Amino acid sequence: MELINKMGLLFGFVGILFLDGMLLCTAKNIHHYSFILKETNFTRLCTTKSMFTVNGQWPGPTIHVRKGDTAFVNVHNNGKYGVTIHWHGVKQPRNPWSDGPENITQCPIKPGTNFTYEVIFSDEVGTLWWHAHSGWSRATIHGAIVILPENETAYPFPTPDAEQVLLFAEWYNVDVKEIIDNATATGADPRISDAYAINGQPGFPNNCSNETTYRFPVQYGKTYILRVVHAGMNEELFFGIAKHNLTVVARDGAYLKPITTDYVVITPGQTMDILLTADQDPNYYYMAATPFVDAVVPYDSSNTSAILQYAGNYTPPSSPPYPSLPNVTDRAAADNFTTRIRALASIEHPINVPTKIDTKMLITVSINEIFCANESCGGPNGNRLSASLNNISFVTPAIDILQAYYRNLTNVFKEDFPGMPLYVYNFTGDVGNNTLYPTLGTNITIMEYGTAVEIVFQGTNVQTAESHPMHLHGFSFYLVGTGSGNFNETTSPETYNLVDPPEVNTISVPKNGWATVRFIANNPGAWFMHCHFERHASWGMDTVIIVKNGPTNETSVLPILPANLPICS
């Protein structure tokens, strides 16, 4: 009998192991990363300077996961000032505690301390990215996130032979913190960058850059997936590869109907997955990025390049072919690309566009001024440059909004961000000075869980008409329509695409035009919404959407606060 009992225990134990093994087979993977923030010397454009980096790298390390995984990232701040990290495009379901924007969901990680982020992936697949979300520190603290499909799940396109991250950034010859600190002190436009970079290298034709140009080795006949990230600060970019076609298959962590093109346009914050087939004669070919700016504003007019280098025995050319890209002000070329973008919207990869809308918002997006007595500031008319949403220039509070909301702290924010402009005018016409000077405040929106939301972002001609890359944390939204001029409540919705609109997290609101997005507010928490031109965000082109808890534990914010969440002081 004792032997039988022992055998029963043994088989029971084996059964537990078997069941546990089955659970492990179906469980999502857990990944661990360590980010050491520190100052590191870099030399570009014949200039050496110290930069705030992660693990001494620029760009920083790439995070690799599969769809639905979780990553724990322990951030050790060995730098000189506080900083936070944001996981751009990761929805972080029910987990705003690890979203990262400074004084929105957390206070900065102080020098000499650390904080572990729990990064929860859900339905994202493809390429996203991470970056610092404190001041202008994201200029040097950023990196890619590669999200592979789930195990035993295929791409909706032929499996590429290999992959390559291409990360666009901007290089400044001086310290970026000093740039924004000086601009904030004087009210002037911040200094423009000195070069763009591909994977940390400016490349040809920039000074002292030819020998260090980034090189991407390829083999004839192979297909590569380029994981493109625009981590730049203030300019949109055209990108192309000499004599090669590009096939865009995903953007912002969601699949698209394939688009074959010889160039793309990409705005700060956006990502793209692009298939490239090495089908040309073995040689060197330049891949290049050039700015797209259709506004009367200062901008970095330089180009950046890398080399697509075929394997084989041949004599490298003294002057490799260079791509022909649109002119810097070519709005038609930009529109010709962006209007082709459609969600894959297949049976295997369905979309769910809200058709019955509960809450509609019209948000004007403007550049403004703050009056300075005696013309004592460095901006236009002796005033301070500013920016606004619905003519409210956001003031970042001293205590983060997320904790203030859940701990019922008073006098941190107001729950009265308007769903419509308080003053209606000819937004893209002769605006005069009616809305030049915005209201200053920490005004936010609170929504019920499950609300179907439509937001029309309306560009304006106030101060300076520009395009604006608007980004919402915690969600992807459907870009259902864009147009020029003023949004018309009757005729504009007739142009909406509700069949296969792209599901994205960052959209470019066209200069003196409008863009409409839709989403379901089903992610409880406090979520930052802002322009991804860093100078505009610094001037106040921001707000926060708080989504209330739903009726169950599974539709409510995760109840456990991280043990070492940074405290505001």
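Bear in mind the structure is a predicted one, so any value in this text is a computation, not a measurement.
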Can you confirm whether [X] sits close enough to [Y] that some side-chain heavy atom of one is under 4.5 Å from a side-chain heavy atom of the other?
X: Arg227; Y: Glu163; result: yes
X: Met272; Y: Thr127; result: no
X: Tyr310; Y: Gln280; result: yes
X: Glu236; Y: Pro291; result: no
X: Val509; Y: Trp514; result: no

- prompt: With sequence neighbours left out, what residues match Phe72 under ring-ring contact (aromatic ring centres under 6.0 Å, His included)?
  reply: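 Applying ring-ring contact (aromatic ring centres under 6.0 Å, His included) to Phe72 gives His32.
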- request: Pick out which of Asn505, Asp252, Thr271 makes a side-chain hydrogen bond (donor to acceptor under 3.5 Å, both in side chains) with His88.
  value: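 So the option named by the test is Asn505.
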Could you check whether any side-chain N or O of [X] sits under 3.5 Å from a backbone N or O of [Y], counting only pairs where one atom can act as donor and the other as acceptor?
X: Ser50; Y: Asn41; value: no
X: Asn336; Y: Ala332; value: yes
X: Ser305; Y: Phe204; value: yes

- request: Look up atom CD in Gln309 and atom CZ in Arg215, then write down how far apart they are to the nearest 0.5 Å.
  value: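 Those atoms lie 5.0 Å apart.
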message: Aromatic contact between Phe239 and Phe168, with the criterion being ring centroids under 6.0 Å apart: yes or no?
response: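 Ring centres of Phe168 and Phe239 closer than 6.0 Å.
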query: Any chance NZ of Lys257 has more than 12 other-residue heavy atoms, nucleotides or ligands included, within less than 6.0 Å?
result: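 Atom NZ in Lys257 is packed in, count exceeds 12.
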field: Identified side-chain contact (heavy atoms from CB on, under 4.5 Å) counterpart of Val75 within the set Thr116, Ile36, Asn114, Leu37
entry: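 Among Thr116, Ile36, Asn114, Leu37, the one meeting side-chain contact (heavy atoms from CB on, under 4.5 Å) with Val75 is Leu37.
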field: The single option from Thr247, Leu275, Val248 passing side-chain contact (heavy atoms from CB on, under 4.5 Å) against Thr260
entry: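 Running side-chain contact (heavy atoms from CB on, under 4.5 Å) over Thr247, Leu275, Val248 with Thr260 returns exactly one hit, Thr247.
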message: His530 vs His133, test: ring pair (Phe, Tyr, Trp, His ring centres under 6.0 Å). Steps then yes/no.
response: CA-CA 12 Å; His530 61 96; His133 217 303; 5.2 Å; yes
message: Closer than 4.0 angstrom, basic N to acidic O: yes or no for Lys28 and Asp69?
response: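 No, Lys28 and Asp69 are not salt-bridged.
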message: Between Arg138 and Glu534 (salt bridge meaning N to carboxylate O under 4.0 Å), is one present in this structure?
response: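 Looking at Glu534 together with Arg138, the answer is yes, because their closest N to O distance falls below 4.0 Å.
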field: Distance under 6.0 Å and angle within 45° of ring axis: Lys177 vs Tyr81
entry: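 Flagged: Lys177 positioned over aromatic ring of Tyr81.
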task: Kindly confirm or rule out a cation-pi arrangement of Lys91 over Trp527, judged by NZ or CZ under 6.0 Å from the six-membered ring centre and within 45° of its axis?
output: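 Because its charged atom misses either the 6.0 Å distance or the 45° angle limit, Lys91 does not stack over Trp527.
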- prompt: Run the ring pair (Phe, Tyr, Trp, His ring centres under 6.0 Å) check on Tyr155 and Tyr255 step by step: do they pass?
  reply: CA-CA 9 Å; Tyr155 290 109; Tyr255 292 126; 7.0 Å; no
Donor + acceptor pair across side chains of Tyr117, Gln106 (<3.5 Å):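 Yes, side-chain donor-acceptor contact under 3.5 Å.
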- prompt: Do we see a donor-acceptor contact under 3.5 Å between the side chains of Arg66 and Asn151?
  reply: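 Looking only at side-chain atoms, Asn151 and Arg66 do form a donor-acceptor pair, the distance falling under 3.5 Å.
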- prompt: disulfide (SG to SG under 2.5 Å): which pairs involve residues 274-329, sequence neighbours left out?
  reply: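 Passing the test, one end in residues 274-329: no pairs.
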